[in-house]
Structure formats: structure tokens, C-alpha cells
Amino acid sequence: MSKRRVLEFFYDVVSPYSWLGFEVVCRYKNIWNVDVRLRPGFLGGIMQASGNSPPAMVPKKGVYMAQDIARLSDFFQVPLRQPSNFFQSVIKKGSLQAMRFVTAVEMQHPEFLEPVSRELWRRIWSEDKDITEPESILEAAKKAGMSADQAKKLIESTALPEVKNKLKQNTDEALKYGAFGMPIIVAHVDGKPHMYFGSDRFELLAHQLGEKWMGPVPQKPRL
């Protein structure tokens, strides 16, 4: 049997394309011979450090993005719906507090990392709800299966230097791999890291891994 390859998936729940890539990675983790490592990062930090800007800030790109998301939602079978106030929800409020919470989950309750991330995406990118207030994060954690006590302790821990530093470390590692946005997938093949940007490079990734690409929905998703 061939050696299992490590796939690092760097993401931020403020990014809809990260949600698409996340679900595909989760669907293939038991199909391909890979070890998936979910790596929460901060998109705002990556954009600033790389000199990039959100595509929606260019008017024509913003119009296209709204159309693109609707098509991708159907194709990927992920319930994406653009927030009613995109600028307020995505650009102004951002995701720093949410991603500190996700990082605390990664550090202290990694078994909840996948469902908590999914529920935060669902709030902002499907249900048009807030992800910045403590009550909002608690609601997402509850839906992900965490107890109220667990979630409250994690929210308190988001103020700790070790949590803030871990999020910064994940973000810095993504930047070192060449990130200029999210998501990025880093495939470790033959001792070398190979960075793929976005949620539309899975055919290339499969080719490099020697695996079969069966589309974004290889089996019926359970979202």
C-alpha cells in the first residue's frame, strides 16, 4: 500500500470558498489515502501581509461572486447563501473572534473542530447570522454538539495569549507556504510541500496524489 500523504487545509469561516474546499476535503478524507489536518487561520492577516484585497471590493468581481456562489452551492451541495449585508458581515465585522474560538477548539477539543467550523460557516454563509458575538459562537458550538460549559470555557480562553499566538502561528505558516488568500491546501508529497489555492484545484491535487477525482460530491453529503 502506498504511503498516506498529509494534506493541510488552512481556512477561515468568513470565506465561502473555504467552506466549499472544507466539505470536499472532509468527503475525501476516507476515500483517498490521506491524513487531513485542519488548520484554522485568519484571512484578514493573510490579506494584509500579502497585499491582497477581497474580490468583492472590485464591483464587477462582487457581482460575479454573487452569481458564482449560487452556482457553486448547487454543484458542491453546500448550502451557501450570500449574507444580506455582505460588507457589514464579511468585511467590517470579520472573523477574528470566531477564528480564535475555532483555534481554542483545535487546541483543547480537536474532536469538535470539524463540526464547530461547519456550524460557524452555516451561520454566516447560509443563515445570514452573526459569528462575532459570544452568544452567536455559543449557539454554533451547541449545534456542533458541545456542552454549554465546554463552549463558555473556550470562549473565555480566546483572550489567552497562547490561543492568540496559535492562530497567528497557523496564519504565519500559511503565509510561509505562499498563501495570499484562503483556502489553501498544502499537500506533502515526496518530502515537499505543494500549495494549492482555492476550492477548484482538486483535479490537480488528485493527479499529484495519484488518486481518483470523482467530483465534489463523491457520495451523498450529510449537511
Item to check | Full working for side-chain hydrogen bond (donor to acceptor under 3.5 Å, both in side chains) between D12 and S95 | outcome: CA-CA 8 Å; D12 186 321; S95 60; 2.8 Å; yes

Item to check | Full working for side chain to side chain contact (heavy atoms under 4.5 Å, CB included) between L96 and L167 | outcome: CA-CA 9 Å; L96 183 57; L167 178 59; 4.0 Å; yes

Item to check | Test side chain to side chain contact (heavy atoms under 4.5 Å, CB included) applied to R27 and Q77, step by step | outcome: CA-CA 12 Å; R27 292 166 188 170; Q77 292 297 288; 4.3 Å; yes

Next on the checklist: One pair to check against side chain to side chain contact (heavy atoms under 4.5 Å, CB included): F101 and V116. What are the steps and the verdict?
Outcome noted: CA-CA 9 Å; F101 182 78; V116 164; 3.8 Å; yes

Item to check | Residue pair I131, S136: steps toward the side chain to side chain contact (heavy atoms under 4.5 Å, CB included) verdict | outcome: CA-CA 5 Å; I131 60 165; S136 304; 5.5 Å; no

Item to check | From CA spacing to verdict: salt bridge (Lys or Arg N to Asp or Glu O under 4.0 Å), R118, E114 | outcome: CA-CA 6 Å; R118 182 176 289 115; E114 181 182 330; 2.9 Å; yes

Next on the checklist: Run R122 and E119 through salt bridge (Lys or Arg N to Asp or Glu O under 4.0 Å) and show every step you take.
Outcome noted: CA-CA 5 Å; R122 197 189 299 275; E119 291 303 330; 3.4 Å; yes

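Using a 4.5 Å cut-off on side-chain heavy atoms (C-beta onward), F42 and V102 make no contact. Inter-residue side-chain proximity for L38 and V36 is flagged as met; some heavy-atom pair is nearer than 4.5 Å. By the 4.5 Å heavy-atom criterion applied to side chains, P16 and M65 are counted as neighbours. In this structure, the side chains of R5 and D35 stay at 4.5 Å or more apart for every pair of heavy atoms. Contact annotation: the side chain of W32 approaches that of L205 to within less than 4.5 Å [non-hydrogen atoms, C-beta and beyond]. Put simply, the side chain of W125 does not reach to within 4.5 Å of the side chain of V78, judged on heavy atoms. By the 4.5 Å heavy-atom criterion applied to side chains, I137 and E133 are not counted as neighbours. Between E23 and W121, every side-chain heavy-atom pair lies at or beyond the 4.5 Å cut-off.
Checking side-chain atoms of S126 against main-chain N and O of P79 turns up a donor-acceptor pair under 3.5 Å. The backbone N or O of G41 lies less than 3.5 Å from no partner atom in the side chain of T171, so there is not a single donor-acceptor pair.
N52 and S50 share no donor-acceptor pair across their side chains, judged by distance under 3.5 Å alone.
No more than 12 heavy-atom neighbours from other residues, nucleotides or ligands sit within 6.0 angstrom of NZ on K152. With a 6.0 Å radius and a threshold of 12 heavy atoms from other residues, nucleotides or ligands, Q48 has its CD atom at or below the threshold.
Each of V163 and L120 belongs to its own hydrophobic cluster when Ile, Leu, Val, Met, Phe, Trp and Tyr are linked at side-chain heavy-atom distances under 4.5 angstrom.
Under the 30°/60° scheme for interplanar angles, the aromatic rings of Y28 and W213 are found to lie parallel. Between F112 and H109, the ring-plane angle classifies as perpendicular under the 30° and 60° cut-offs.
Nearest heavy atom pair, residue V217 against residue F75, reads CG2-O, 3.9 Å. Closest approach of L209 to V34, counting heavy atoms only: CD1-CG1, 4.1 Å. Heavy atoms only, all atoms of each residue included: P54 and M47 are closest at N-CE, 3.4 Å. For the pair I31 and M214, the tightest heavy-atom approach, listed with the atom from each and the gap, is CG2-CE, 3.5 Å. Here the closest heavy-atom approach between residue F202 and residue G21 is recorded as CZ-O, 3.7 Å. The nearest pair of heavy atoms linking Q108 to P110 is C-CD, 3.5 Å.
Between K168 and the options D172, N165, N170, a side chain to side chain donor-acceptor pair (under 3.5 Å) holds for only D172. Applying the side chain to side chain donor-acceptor pair (under 3.5 Å) test between T158 and each of R100, Q97, K164 identifies Q97 as the sole match.
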Distance-only donor-acceptor pairs under 3.5 Å for side chains of residues 176-194, two or more places apart:
| unit_1 | atom_1 | unit_2 | atom_2 | d |
| --- | --- | --- | --- | --- |
| Y177 | OH | E8 | OE2 | 2.8 |
| H188 | NE2 | E8 | OE2 | 2.7 |
| H194 | ND1 | Q208 | NE2 | 3.1 |

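Ring centroid separation for the pair Y11 and W19 does not come in under the 6.0 Å cut-off.
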